[in-house]
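Only one structure is covered here, and it is reproduced in the block below.
Atoms considered below: every heavy atom in the structure, side chains included; atoms not considered: hydrogens, waters and symmetry mates.
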Amino acid sequence: MTKTSVPITVFACTTSSPAHTYEVIVPIDLAQVFKPWGPFPGVAEVRDQTGTWNRPGTSRQTWFTDGSKADERLTEIAEGHGFAYELSGFTNVLAKLTSGVRGEWSFLPDGTGTSIRWTYDFRPLPGRRWIVAGPFKQLWIRYMRAALTRMVTVVQETPKGIMEE
């Protein structure tokens, strides 16, 4: 994170283990959990993925329900514990607000379950930080919480061991 970046972090807990939570969330169907909310579109589909979403360097295009898209590239993997990715090439309003976003997920043991930490670190364009850190941030937190709640439901409803098949 840089001094000018705007980090937005949300947290959730699940009764599943960190390993299971990781195995379900890393390859999760984005369209299943990123639904339209407020002014933000949902994810319609992922296209042009260059490999399985478990190796740094893998890339894909995320297409949104409003017809816009973003380029996504997996940058880090800590097997069973977390991952990070970069989003850029936005064709929606984020193209006017940011030069890109870094996403990061952490899955930490919490009793018999998992504490999930998800951060989007926005890199605002010059003169746009006040928008991203102010009104945008307040809305984006709600969008992230709604998506994370759906992800936790998917994690808890996915039988353990199913991801290895």
Side-chain angles (χ1 to χ4, degrees), residues 1-14 18 21-22 24-49 53 56-78 81-110 113-155:
M1 287 184 269
T2 64
K3 286 185 193 180
T4 59
S5 71
V6 177
I8 302 174
T9 302
V10 294
F11 299 90
C13 292
T14 178
T21 302
Y22 171 90
V24 173
I25 288 181
V26 171
I28 203 161
D29 176 5
L30 300 180
Q32 181 183 10
V33 294
F34 284 95
K35 302 295 183 186
W37 182 93
F40 303 116
V43 170
E45 65 180 320
V46 171
R47 296 182 191 167
D48 302 324
Q49 189 163 313
W53 199 250
T58 303
S59 63
R60 61 190 181 188
Q61 287 185 332
T62 301
W63 288 79
F64 301 100
T65 54
D66 65 357
S68 65
K69 70 175 182 70
D71 299 321
E72 191 174 6
R73 185 175 59 83
L74 194 56
T75 58
E76 298 171 43
I77 287 283
H81 302 285
F83 65 103
Y85 51 96
E86 297 278 336
L87 293 156
S88 61
F90 294 102
T91 61
N92 57 21
V93 70
L94 285 175
K96 296 179 185 340
L97 296 176
T98 72
S99 63
V101 178
R102 181 180 190 276
E104 182 179 297
W105 288 81
S106 299
F107 308 102
L108 303 171
D110 186 11
T114 301
S115 176
I116 302 168
R117 178 183 176 270
W118 177 25
T119 299
Y120 263 12
D121 188 29
F122 291 87
R123 293 183 303 270
L125 291 170
R128 303 290 196 273
R129 188 179 193 288
W130 71 273
I131 296 169
V132 176
F136 176 85
K137 181 176 182 175
Q138 297 311 309
L139 292 170
W140 194 260
I141 286 171
R142 293 178 185 163
Y143 183 64
M144 287 176 71
R145 283 183 183 150
L148 185 53
T149 297
R150 285 188 286 276
M151 288 183 210
V152 166
T153 299
V154 172
V155 167

For the atom pair [atom1] ([X]) and [atom2] ([Y]), what is the distance rounded to the nearest 0.5 Å?
| X | Y | atom1 | atom2 | answer |
| --- | --- | --- | --- | --- |
| I116 | F11 | CD1 | CZ | 11.5 Å |
| D71 | S59 | CG | OG | 8.0 Å |
| E72 | L87 | CD | CG | 5.0 Å |
| M151 | M144 | CE | CE | 8.5 Å |

Counting C-beta onward and ignoring hydrogens, is there a side-chain heavy-atom pair between [X] and [Y] closer than 4.5 Å?
| X | Y | answer |
| --- | --- | --- |
| W130 | F136 | no |
| W105 | L148 | yes |
| K137 | V132 | no |
| T114 | L108 | no |
| R117 | E104 | yes |
| L30 | T62 | yes |
| E86 | V101 | no |
| P56 | E76 | no |

Practice task
Using the side-chain contact (heavy atoms from CB on, under 4.5 Å) rule, take I8 and T119 through it: C-alpha gap first, then chi angles, then the decisive distance, then the call.
Solution key: CA-CA 5 Å; I8 302 174; T119 299; over 6 Å; no
Handout entry: Check: W53 ring centre within less than 6.0 Å of Y85 ring centre
Key =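 No, the ring of W53 stays outside the 6.0 Å limit from the ring of Y85, centre to centre.
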Exercise: identify the closest heavy-atom pair between [X] and [Y]:
| X | Y | answer |
| --- | --- | --- |
| S88 | S99 | CB-O, 4.5 Å |
| V154 | Q32 | CG2-NE2, 3.6 Å |
| R102 | A84 | NH2-CB, 3.4 Å |
| A44 | A31 | O-CB, 3.6 Å |

Give a yes or no on whether the backbone of [Y] and the side-chain of [X] come within a donor-acceptor separation of less than 3.5 Å.
| X | Y | result |
| --- | --- | --- |
| R128 | K96 | yes |
| Y143 | P41 | yes |
| T149 | R145 | yes |

Exercise for the section: Determine, stepwise, if the pair V43 / T65 fulfils side-chain contact (heavy atoms from CB on, under 4.5 Å). Expected result: CA-CA 6 Å; V43 170; T65 54; over 6 Å; no
Exercise for the section: Could you verify whether a donor N or O on one side chain and an acceptor N or O on the other, from S5 and D121, lie under 3.5 Å apart? Expected result: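 S5 vs D121: donor-acceptor pair found between side chains.
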Practice task
Determine, for W63 and R47, whether the Lys NZ or Arg CZ falls below 6.0 Å from the six-membered ring centre while staying within 45 degrees of the axis.
Solution key: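 Yes, a cation-pi geometry holds between R47 and W63.
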Practice task
Determine, step by step, whether L125 and L97 satisfy the side-chain contact (heavy atoms from CB on, under 4.5 Å) criterion, reporting the C-alpha distance in whole Å, the side-chain angles of both residues, the deciding distance to 0.1 Å, and the verdict.
Solution key: CA-CA 6 Å; L125 291 170; L97 296 176; 5.9 Å; no
Problem - Test side-chain contact (heavy atoms from CB on, under 4.5 Å) applied to F107 and T14, step by step - result: CA-CA 10 Å; F107 308 102; T14 178; over 6 Å; no
Exercise for the section: Classify the ring geometry between Y120 and F122 as parallel (under 30°), tilted (30 to 60°) or perpendicular (over 60°). Expected result: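 Perpendicular, since the angle between the ring planes exceeds 60°.
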Practice task
Fit a plane to each ring of F83 and Y22, take the angle between them on a 0 to 90° scale, and name the class: parallel (under 30°), tilted (30 to 60°) or perpendicular (over 60°).
Solution key: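 Perpendicular.
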Practice task
Decide, yes or no, whether a salt bridge links R60 with E45 under the criterion of side-chain N to carboxylate O below 4.0 Å.
Solution key: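 No.
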